[in-house]
Amino acid sequence: MSTEGATVAEARDLLAELVEIPSPSGSEGRIVDRIEELAEGWSIPALRVRSELGRDSLVLGRAIEPALAIAAHVDTIAAPWPAAARIEGDVVHGLGSADDKGGVVACLLAARDLVADGEDLDRLEVAFAFPVDEERGGSGSRTVALELAPRRAIALEATGLRVGVVETGDIDVWVHVRGRSAHGALTDAGENAIHGAVELIGDLGRLGLEAHSHPLLGPSQAEVGAIKGGTDFNTVPDSCSFQLQIRVVPGQDGDATLAALEELAAEHAATVEIVEMTEPFEAAPDSPMVTALERLTTEVAGEERERIGVPAWTDAHNMVDFGGAEAVVYGPGDFSVAHLPSEHVDAGEVLQCAEVFKRLAREAAGW
């Protein structure tokens, strides 16, 4: 017989509690301990999965080749504002509330209610995972993906309960521009590397990235994230480096785009240092996971939600690349407020997400 299940107040209070636990990437120990403690109180066995960095993620439920793994990362950015929760009605404000502790709470309540209803997560072939390190390097979901090897996976992010069926890849590089130093009063005797970097950045349009586009993601594009160069007044700088990220969309040849960037850089006396390259991925349009998520979201939320593209790296990438899973991105909250002092999420939507997962878990083994 089904239990009554979680309430909005319960979701709100648990979320506020978890927001109050600081968990920036690299310091997730306290929140992992608390989730493990909650699971123990609910009679749900928890498995720790250690990343190559020596930090533990947590898995509740089937830990070997589940039909479905649902993963909500426990870390936040290292923000200059404190990990403090503020409640207004059913809305919880605070660092990590939408990214991704609202998702963490949805997973916890879904797992708890399933077990309280007499379900066996192993028999359902479902795992709820809580990876560390999503905001920095993804080591937590990488080791979880390798350990579980799920057939399908959902990475929790703030999508407003819309299914993210496609995610960009990225080319992340540092571009190093060379110049020639000279006294600041003798500028003609030197070559200003900062000026060279600015010229190269202005020339990025020659890569023709806009020719590569996806209906849910828009065009491929380049963004400069940081720039470093120069020493002081009265010295022409002989080096300048800038960090560049190129969004890669399905159908775009990432290697060819990188080669074009390297060729352009060489014209500007610059070299390209590769930090990371990832390929975009896209779920099949008729995927049973996608269609089930959409149907159940409509049932629970009372309205249809359109599919979306995800323009940022998420743990779903590791589920695809290292776990061999078909993956989507889905969860409560608004992505546009993530990483901002105004971050917040409605506990009612968190509870809806938990209800969707409860229903989805009962179907997953049949896909």
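For reference, positions follow the sequence shown, starting with 1. Treat the numbers as computed from the prediction; the structure is a model and nothing was measured.
Side chains of Arg34 and Ile21 form a contact here, defined as non-hydrogen atoms less than 4.5 Å apart. You'll find the side chain of Leu360 reaches within 4.5 Å of the side chain of Leu293, heavy atoms only. Contact of the Met319 side chain with the Pro150 side chain is registered, since non-hydrogen atoms from C-beta on lie closer than 4.5 Å. Glu363 places none of its side-chain heavy atoms less than 4.5 Å from the side chain of Leu68. With a 4.5 Å cut-off on side-chain heavy atoms, Val350 and Leu14 do not count as touching.
Using bins of under 30°, 30° to 60° and over 60° for the plane-to-plane angle, the ring pair Phe357/Tyr330 lands in the tilted bin.
Look at Asp117 and Arg362 and you find a salt bridge, because one of the NZ, NE, NH1 or NH2 atoms lies within 4.0 Å of a carboxylate O, short of that distance. A salt bridge is absent between Glu119 and Lys358: the closest approach of a Lys/Arg side-chain nitrogen to an acidic carboxylate oxygen does not fall below 4.0 angstrom. Salt-bridge annotation for Arg206 and Asp203: present, with a side-chain N of the basic residue lying under 4.0 Å from a carboxylate O of the acidic one. A salt bridge does not link Asp238 to Arg180: none of the charged nitrogens lies less than 4.0 Å from a carboxylate oxygen.
Partner Leu244 forms a side chain to side chain contact (heavy atoms under 4.5 Å, CB included) with one of Leu261, Ile171, Asp172 and no other, that one being Leu261.
In this structure, Leu296 is a member of the same hydrophobic cluster as Trp367, with clusters built from ILVMFWY side-chain heavy atoms closer than 4.5 Å.
Considering every non-hydrogen atom in both Leu161 and Cys353, the closest pair reads CD2-CB, 3.8 Å. Contact record, Ser23 with Ile31: CB-CG2, 3.8 Å, taken as the closest heavy-atom pair.
Side chain to side chain, His73 and Asp133 fail the donor-acceptor criterion of an N or O pair below 3.5 Å. Counted by atom type alone, Glu199 and His268 present zero donor-acceptor pairs between their side chains at under 3.5 Å.
In this structure a side-chain-to-backbone donor-acceptor pair under 3.5 Å is missing from Arg55 to Gly140.
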